[in-house]
Every structure is written in C-alpha cells, then in structure tokens.
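Just so it is clear, the model here is predicted, and its values are computed rather than measured.
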Amino acid sequence: METTLGKPKKTAQTETLNGSHALVRSLIEEGVSTIFGYPGGAIMPVYDALYDYQDKVHHILTRHEQGAVHAAQGFARVTGQPGVVIATSGPGATNLITGIADAMIDSTPLVCITGQVFSPLLGTDAFQETDVVGISIPVTKWNHQVTRAEEIPAAIAKAFYIAKSGRPGPVLIDITKDAQVQELEYLYEKCEQIRSYHPIPGLDVEMVDQAVELINNAKRPYLLFGQGVILSNAEEELKKFVEKTGIPAAWTILGLSAMPTDHPLNVGMLGMHGNYGPNVLTNECDVLIAVGMRFDDRVTGRVDQYATQAKVIHIEVDPSEIDKIIKADVPVLGDAKAALQAFTDKVNPNSHKEWLAKFRECDKMEYEKVMQHEFFPDTPVLTMGETIKMVAEKTKGDAVIVTDVGQHQMVACRYSKFIQSKSSITSGGLGTMGFGLPAAIGAKMGAPERQVVTVIGDGGFQMTIQELGTIFQTEVDVKILILNNQYLGMVRQWQQLFFDKRYSATEMVNPDFQKIAEGYGIKSKKISERELLNDAVDEFLNHKGSYLLEVIVGKENNVFPMVPAGCSVSDIRLE
C-alpha cells in the first residue's frame, strides 16, 4: 500500500484509543516484544500505556539513553529485526544521537521514538524542547514529527518498513505530548510500499552476464564481503558461490561471521589491522568482487593505489555506494542474496589453488612475525591475543562476541572464531567507544539461548559503565572481559609510532573495577599472571549469571599488522 499519515475513518473494524495506546498496539502489530528506553516528562503517557501491555512488551530500563540505543543496536544485529528505543524530549532525545549515527553508518535497523513538548509550544524554547527532527536528519534514514494522534499508526508502519527494507537503517518518530493523549479511531495496516521508494533494485541481467564473464576468465579472482551478506541473509549463497568458483574470500569487520572462520576459502580480515595476505594481495588480483561492502577508507588505504590492476565487480543494494570510493567496472545493483544466486547459476566450476596458496604463504609470514609473539609471548606480561585465543578455543566459535572500540576490538576481530552468522557485533564506521557493554545486553536479550561475551578496554568500559545497573536489575547473563592496558591503547599506539612517543592524555588511572562490580552484584576477578588465565577463563565462561573478568595486559603492546594512515594496502607493516 502507499502510506499516508492520514486519519482512519471510523468503521466496525476500528476502536477508540488514545495516541499512546495506539503507539504500543502498533509496535505489537510489528512483532515488537522488547523495547529499550528511559522515561521522562514528554514521553510519560507512552510509559503509562506500556503499563497495560507488560504481558506482551518487555521494557528494559537502561541507565542512560545512549545505553538504550546501543542495546537496541545489539538486539537488532543479533536478531536481524529492528531494535526499538524510546526516550523523552530534549536531553533524552539528544542522548540518542550518537547511537543513531552509529546505526546509520553501520546499516542497523532501529525505530527510535521520542517524546516532544505539546504542539502549541513547538518553537518557543519550552522546557526540554529540542528540535530532534532537525538534529537527526543527517543520521537517520527517515524521520517524522507526529502532532496528531491519528497519524501514529501510519507513521509507525512506515517507520518499520523503511528501517528494515533495502539497506537497513535507523528511523526516528518524534511525538508531541498532545498527540500521545488525544483519541483516535485505531486501525493498523502494515506498510508494504511507498511511492518513489524502491529499496531493492531489480538485477540487471546484462551486468550479471558481464560479471560472470570476468569471473570465468580470471586467473587471480578475489572476493571481499561485508555486512550486506548478513543483512540480506545471503550466507549460504556466498558459501555456494566461493565453493563453486574456488575464489578466496576476505571480510570486513562488519562482515565477520557471515562465513565460518575455519572455511578453507576464508582468507581473513581486511583493513588497517587486518591480515597480511588479504591486504597486500589486493594489489595482485585481476578481478575484485565486492559483495555488500562500501570500500571504507580503513579497508582501502590510499585509494589511488588500491587494486588499480583489477577489474572491479561491485554487488550493492544502495546505488549511492556505487563508484563513491572505488570505480566499478561492473556495478551490480541489487540484493546480495539474489545476485550471488544468479552468479552461482552461471559461473563455471573452478579452482584457484596456486592463487589461494599465496594467501596461505602470507599467513605463515604473519604467524611468524606477529601471531606467535601474541600467542606465546617471551615476556611474563599477558597479551590481548593470547587471552582472546583462549576464549575462542573454549567457546568453540559458538558465542556472540560483542566488542567495544580500540586495540581490543581489532584483536578480538582478528582472533575470535565463528561457526554461525550474526555472531560478531561491533561498532564499525563510527567507532563508538562505550558501545560494547550496552550492545552486549541487547544482544543477550535478542538471543537469550546463546552465550554473549563482550570484550572491552578499560577506557571504553568507563564510558557506559553505568549499564552495569541494567545488568543488575534485569539479571541478564553477560560475560564482560576487560582487557586493561591502563591506556587509551589505540591512540597511544599512534602516538608511539607517529608522534615520537608523546603520550598526551592517553594514560588511564582506573578505579577498582572489582569493587564496582561488587556494588552491582556482579561476580568478578582480576588476573595478571599467565598461569591463572586458563582457570580464570573457565570460571568466567561457566559461571551462571553475569561475570566480569579483568585481565591486565601489556601497557605498550601494539596491534599488528597495520596499514599506516595515508598508505597503500601494499605498505602494510608486520612490526
């Protein structure tokens, strides 16, 4: 249907409700059972309505609105369904913006609902009035302000359709307080189409055929996959395509877990701190196939020296990403699932053993130069790498790993193992410190049957540390691994390598995390000795309920490989 935000006519099918009850009923119609939020004056009627639906909707009271939106992101990423977050006007709404921006750049579907002052007060600088619609325009896929109760059902229907269709993203509905209390004739109709909005372009058969010809004739083809594979549920199609063609495949950090990490054609991680082979061999392939990824600068390095020798095939659902960074010789607009299926049906069976062997040679070089020193260090100080490796071995690749942002994030992405999709949750494009803890809470709410481990640095942990209160109140089982190097580690690494070790404002003087955890009723342990690591990780993972394990690691350990900023991927450093 074409959605308009008009008034339903009273019929035998309608019923009289106020705006707040209509909102909650509309969310239930969209299958929502979990909401993250924080109440306040301008959204109070909605919270009053929620009281009547506690048997159908579980509201998670976070300790900060940023915590609520990150939790909604974690929920969305692990379930594939839009996360829902509610906040009040003014500071409540503006506290959502960081998470909304994070969701926008990482294509995470969210429906954000904010309260607003009474409509006659709009524009008067009333108490807790902020133009959240204007503020959020650059970081939402769509937003809308509701000033009449009768608009609410259609606005919610449109919000969910836009949030989850095509390239997903966050939407925001701002509802004035009078709209929340006015009565309307309620009738809910789901949105199925919007005029001039075509979320999934139809596949161009000619482009598919051109791509297939390039692939069939390639000697050194190389596939890069991103989160688009996960968002389109194309994991099986990706696997079938690479297995039929024998093409080596590497992942962006948001594409991690779309293909099992131990798959023989999975060659590893792209990007600034990715694996050596996937980076350096980018400039040796003859055909580069990009699937559901956007050529982020952390992947490409210096663009004018990126895969200039290769013919580029770019499968992408969002037309704005085609040719934005890297010129595509064959742009294939459309859904990744449909495109990969079309490719697989038409390509010739093949094998590229000699080409794949070059990646494995690079793996050996990286292991000798980097990994063995991380896994088996010759110093008594623990490393992030050996800690993550042990967690990966003990979880057997079956856990959901949620990371914050920094050195620990890169190490966790490099050394974690995964056997199923939607298992790696991290802040990619925005790089939001403070993401990890609340996102892990949301992930556990979305996948209660799975073990959820969040890996956090001592810096990022303290940005949303108050969400320990959410864990305390909900008794959600989240395993919190703090890799504590007493620095803002990634910034410190750059200061060491590029600023003559001038460690400006990066050393952390941290509190006693065990005492803080105790205050929230969370069992914890702190270790710094290698001989204690194995038993500590066992206790950490096997404990019933949340557990905080703090591991003291080297203060000046660095994450390698590394592509220095402004350099080509061929200039990747191993030390």
Side-chain angles (χ1 to χ4, degrees), residues 3 5 23 26-27 35-43 46 62 64-77 82-119 121-147 151-152 154-177 179-180 191 194 197 199 318 320 427-432 434-435 438-439 442:
T3 302
L5 303 185
L23 169 63
S26 298
L27 294 175
I35 295 171
F36 304 89
Y38 203 98
I43 198 69
V46 171
T62 59
H64 192 284
E65 291 88 357
Q66 185 175 344
V69 69
H70 290 327
Q73 288 178 271
F75 182 93
R77 295 273 287 275
V84 178
V85 60
I86 299 180
T88 192
S89 63
T94 59
N95 281 343
L96 298 179
I97 295 298
T98 295
I100 294 172
D102 191 289
M104 184 67 175
I105 199 166
D106 281 356
S107 304
T108 304
L110 295 182
V111 174
C112 303
I113 298 161
T114 55
Q116 187 53 274
V117 301
F118 286 95
S119 54
L121 296 177
L122 290 171
T124 68
D125 293 330
F127 177 67
Q128 291 193 332
E129 181 197 0
T130 299
D131 180 11
V132 70
V133 169
I135 291 170
S136 64
I137 283 173
V139 292
T140 50
K141 192 175 175 185
W142 177 73
N143 66 18
H144 179 71
Q145 186 173 76
V146 171
T147 59
E151 299 177 359
I152 289 174
I156 294 299
K158 187 173 182 180
F160 274 87
Y161 177 66
I162 293 173
K164 63 188 180 182
S165 60
R167 180 180 181 176
V171 300
L172 183 142
I173 305 294
D174 190 46
I175 308 176
T176 61
K177 199 167 183 179
Q180 297 171 43
C191 179
I194 299 171
Y197 173 55
D318 184 352
S320 71
S427 172
L430 199 65
T432 305
F435 174 88

Less than 4.5 Å apart, side chain to side chain, heavy atoms only: is that true for Pro199 and Tyr161?
yes
Close side-chain approach of Leu172 and Val139, heavy atoms under 4.5 Å
no
Euclidean distance, Leu96 CG relative to Tyr38 OH, rounded to 0.5 Å
13.0 Å
Does the side chain of Leu27 come within less than 4.5 Å of Phe160's, by heavy atoms?
yes
Do the non-hydrogen side-chain atoms of Leu23 and Ile173 ever get within less than 4.5 Å of each other?
no
How long is the span from the CZ atom in Phe435 to the OG1 atom in Thr98, to the nearest 0.5 Å?
12.5 Å
Given Val146, which of Gln180, Glu151, Gln116 fulfils the side-chain contact (heavy atoms from CB on, under 4.5 Å) condition?
Glu151
Which residues share a ring-ring contact (aromatic ring centres under 6.0 Å, His included) with Phe118, sequence neighbours left out
none
Closest heavy-atom pair, Ala157 versus Cys191, reported as atoms and distance to 0.1 Å, is O-CB, 3.4 Å
Could you go through the side-chain contact (heavy atoms from CB on, under 4.5 Å) check for Ile113 and Ile156 one step at a time?
CA-CA 9 Å; Ile113 298 161; Ile156 294 299; 4.3 Å; yes
Just to verify, what does Lys164 make a side chain to side chain donor-acceptor pair (under 3.5 Å) with, not counting sequence neighbours?
none
In terms of heavy-atom contacts, does CZ of Phe127 have more than 12 from other residues, nucleotides or ligands at under 6.0 Å?
no
Spacing of NZ belonging to Lys177 relative to CG belonging to Leu121, to within rounding of 0.5 Å:
10.5 Å
Which pairs count as side-chain hydrogen bond (donor to acceptor under 3.5 Å, both in side chains) when at least one residue sits in residues 100-115, sequence neighbours excluded?
Gln73-Asp102, Asp102-Ser427, Asp102-Thr432, Ser107-Arg167, Thr114-Asp174
If I compare all heavy atoms of Pro109 with all of Ala76, which pair ends up nearest, and what's the gap?
O-CB, 3.5 Å
Side-chain contact, heavy-atom cut-off 4.5 Å: Gln128 with Val117?
no
Show the nearest heavy-atom pair for residues Ser119 and Thr176, with the distance to one decimal.
N-CB, 4.0 Å
Smallest separation among heavy atoms of Ala42 and Ser89, with atom names:
CB-OG, 3.3 Å
Have a look at Thr88 and tell me which of Ile43, Asn95, Val46 forms a side-chain contact (heavy atoms from CB on, under 4.5 Å) with it.
Ile43
To the nearest 0.5 Å, atom CD1 of Ile100 lies from atom SG of Cys112 at 4.0 Å
Any chance you could measure Ile86, atom CD1, to Glu65, atom CD, to the nearest 0.5 Å?
12.0 Å
Using side-chain heavy atoms (C-beta onward) and a distance below 4.5 Å, is Pro438 in contact with Thr62?
no
Would you say the side chain of Ser165 lies within less than 4.5 Å of the side chain of Lys141, judging by non-hydrogen atoms?
yes
Might you point out which heavy atoms bring Ala72 and Val85 nearest each other, and give the distance in Å?
CB-CB, 4.3 Å
Show the nearest heavy-atom pair for residues Ala68 and Phe36, with the distance to one decimal.
O-CB, 3.6 Å
